[in-house]
Number of protein chains: 2
Amino acid sequence: MTEKPISIRDVAERAGVSPGTVSNVLNGSRPVNAALAQRVREAAEALGYQADRAAALLRTGKARIIAVLVPDLDNPFFTSIVSALESGLRDQGYELIVASSRGEDDTEHSRLAAMLAWRPAGLVVIPGSDEFPARALIDRARVPYVVADRITLDPAANTISVDNESAGAIGMRHLVDKGHRDILIAASVLKLANIRERCAGAVSVLESLGLPPPAIVETGGDFTLASDRLAAWLDSNRQPTAILALTNFTTLGVLSALAERAIAIPRAISLIGFDDYAWMRARTTPLTAIQQPVQAMGEAIWARLKARIEGDASPPAHIQFQCDLKVRASTATPSHPDGTSTGAG
Amino acid sequence: MTEKPISIRDVAERAGVSPGTVSNVLNGSRPVNAALAQRVREAAEALGYQADRAAALLRTGKARIIAVLVPDLDNPFFTSIVSALESGLRDQGYELIVASSRGEDDTEHSRLAAMLAWRPAGLVVIPGSDEFPARALIDRARVPYVVADRITLDPAANTISVDNESAGAIGMRHLVDKGHRDILIAASVLKLANIRERCAGAVSVLESLGLPPPAIVETGGDFTLASDRLAAWLDSNRQPTAILALTNFTTLGVLSALAERAIAIPRAISLIGFDDYAWMRARTTPLTAIQQPVQAMGEAIWARLKARIEGDASPPAHIQFQCDLKVRASTATPSHPDGTSTGAG
DNA sequence: GCGGTGCTGTAAAACGATTTTTGAAAAATC
DNA sequence: GATTTTTCAAAAATCGTTTTACAGCACCGC
């Protein structure tokens, strides 16, 4: 009893033309007599015709699909990129397929292979590691792609990221300007180039001023781990006067560790967070934060990818966005300006 | 110079068999001589063969695709559902295509139509409104589907949601038990049935105890709006001793409004948040929160959808999950037990 | 008036898998 | 040993679109 979905043939019949003509009208691939075209369009409308994407794809070899691979769909930074992308694609007849690599190389590989079997028109990938071994797959598929957020060794890749050195530097400079000398950097995972660069930027500020290097603690990727590592560090080291967090999850980890110990922000310790979410502002002490221009990045990713899809053959671009420091109440002058001589034992 | 992607024909040739046999081996649709099968598998492996999904889809009529439509890809509740779903699908050869309706009926309609053109095997939708006008599209496409989070009037729909009445009730009961009588409910949008039910659950607790009804403020969907509306309400009404927030965004709105006014939690006002995110815990005063079992819901959605895809014809189920109240430091006994007689003017 | 040249529509050939049909061996039966 | 049945792979049909090849027609210049 299940009625068949309407095909191009039905439309053709109703409009009294051949299927080829219908296709030409609907895709504008070849000029068609205006009156006929009108009839075709009416017929299509009346029947509620939607071209079967599978058949179209099979013939043309390119799906109007953009595949996105991110390391973690529970990380708001990644989902906000996905969201920004979706906004860009929505009106242009593309669909978005998403997958999470969970930061594992082999998952990354298998998910990528599965998505490429759809022959997507383009690919956006946030690699789980700098090596990015799945790159070979992409090469083989010859699909236009953009690497986002992470830096890659792949010379052929278009990349969209933030200026991580500068991001680290503006945070550190702000702390130094406030008078802090005893600063802890909460880094997530140092084997990621972008995190290393944020560190480097921060460290270079101290270096250029002839100040001693900061302490760095590597917190790992997720929130609970970060919280534990930071707590352990705080319990076994002299308390810094300021903390610079390099990702949104480490920011949470720092907040958690400080809250547990009832360490006041910014009275005892100043804090700079990374990324800028509503929960960072909806606080008694809103967080000073290094804000990534997520929306702009999403748009840039799509702009670049779209250009590539449409045949642009310019050399690969490496677009870098500047982060903004949103100064709020969580950073203040240290209570003991000479931070090196005090602090808990 | 672009080498062609390897097709089933290439594999067949290399293994010295026909394409049909390759298909039978790889899909197990019909028995094939073990030795031959082995040869075929080796050839496929050697060539790195991946079946063109489009061709397969065209023939079989069903894509191994699950389409997901959510109201907002920037809302962590919705993305966590997507994430949980992705985990379920990953190993079963399905891909996930996502789209955002932005809470607009016509966007919902057009995005749904676009996704259905791929003839997905299944559909998960979180409708933007109770009316859910796009339902007609789904009926026409005869695709198995599950409605998540929202309640729908559609009698044929499988739904997965939380027990909203109970969720509202456990929050309110906790506040009443603590001694609060002057309670404000921060609801997002009352035209959504799930929000109305949370309200109803909360209100019924007061009713059953013979207490006066709570104040309710409708904050709207997004964070800044919620913050403004709440601020306005607080400025023009007597200050309650406790606030019950009914969504994660309203929780943020409440926090923001209270922070701006330097109203201490829980000393001046107790607060119960909705959903349970790391940022609610990583605070000096961790939030008491009504936690939705997101992971379990994601799994249930997939289980139900999968059953339907595989031909299960049992009557539509309406699965409800119970929320958990996580009691933390943001709720306390009101400073003036008789809340009606004090408060700011 | 005639051959050429756009124009515009139809007919038919792809696309690459799956599935049905066919056919030729091998196995079983008498 | 001849005939029937079974087995299993090859061949062919199919899905619905796009695109190529071709044909009819009008119009052009000579």
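Just so we're on the same page: letters track the sequence lines, and every chain starts at 1.
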Determine whether [X] and [Y] make a side-chain contact, defined as any pair of heavy atoms from C-beta on separated by less than 4.5 Å.
X	Y	result
Tyr49(A)	Asp10(A)	no
Glu108(A)	Glu104(A)	no
Phe78(B)	Asp149(B)	yes
Phe77(B)	Phe249(B)	no

(request) Can you sort out which residues in residues 26-45 of chain B have a heavy atom within less than 4.0 Å of DNA chain C? Ascending by number, please. (result) Asn27(B), Arg30(B)
(request) Determine, for Glu45(A) against Arg41(A), whether the closest basic-nitrogen to carboxylate-oxygen distance falls under 4.0 angstrom. (result) no
(message) Using a strict threshold of under 4.0 Å (side-chain N to carboxylate O), is an ion pair present between Asp130(A) and Arg150(A)?
(response) no
Whole-Å gap separating [atom2] ([N]) and [atom1] ([X]):
X	N	atom1	atom2	value
Asp52(A)	dT18(D)	CG	P	10 Å
Asp10(A)	dC15(D)	CG	P	12 Å
Arg64(A)	dT17(D)	CZ	P	16 Å
Lys62(A)	dG16(C)	NZ	P	13 Å
Glu13(A)	dG16(D)	CD	P	14 Å
Arg9(A)	dA12(C)	CZ	P	12 Å
Leu58(A)	dA13(C)	CG	P	17 Å

(message) Looking at Arg59(A) and dT17(D), is any side-chain donor or acceptor paired with a base atom of the opposite kind under 3.5 Å?
(response) no
(request) Please indicate whether Gln320(A) has more than 12 foreign heavy atoms, meaning atoms of other residues, nucleotides or ligands, lying under 6.0 Å from its CD. (result) yes
Is [X] touching bases, backbone alone, or none of the nucleic acid, heavy atoms closer than 4.0 Å?
X	answer
Thr21(A)	base
Val22(B)	nothing
Ser23(A)	base

(message) Could you check whether any side-chain N or O of Ser80(B) sits under 3.5 Å from a backbone N or O of Pro76(B), counting only pairs where one atom can act as donor and the other as acceptor?
(response) yes
(message) Under a 3.5 Å distance rule, please check whether Arg64(A) uses its side chain to pair with a backbone N or O of Leu57(A) as donor and acceptor.
(response) no
Check whether any side-chain nitrogen or oxygen of [X] sits under 4.0 Å from OP1 or OP2 of [N], and answer yes or no.
X	N	result
Tyr49(B)	dA17(C)	yes
Thr60(A)	dC15(C)	no
Ser18(B)	dA10(D)	yes

(message) Looking only at side-chain N and O atoms, does Asp312(B) offer a donor or acceptor that is under 3.5 Å from a partner on Ser314(B)?
(response) yes
(request) State which of dT17(D), dT19(D), dG16(C) makes the closest approach to the side chain of Ala56(A). (result) dT17(D)
(request) Would you kindly compare Asn24(B) and Ala54(B) by the position of their nearest DNA chain C nucleotide and give the one closer to the 5′ end? (result) Ala54(B)
(message) Can you work out whether Arg53(A) or Gly20(B) has the more 5'-proximal nearest nucleotide on DNA chain D?
(response) Gly20(B)
(request) Compute the angle between the rotation axes at the two ends of the helix from dG1(C)-dC30(D) to dC30(C)-dG1(D), each taken over five pairs, rounded to 10 degrees. (result) 50°
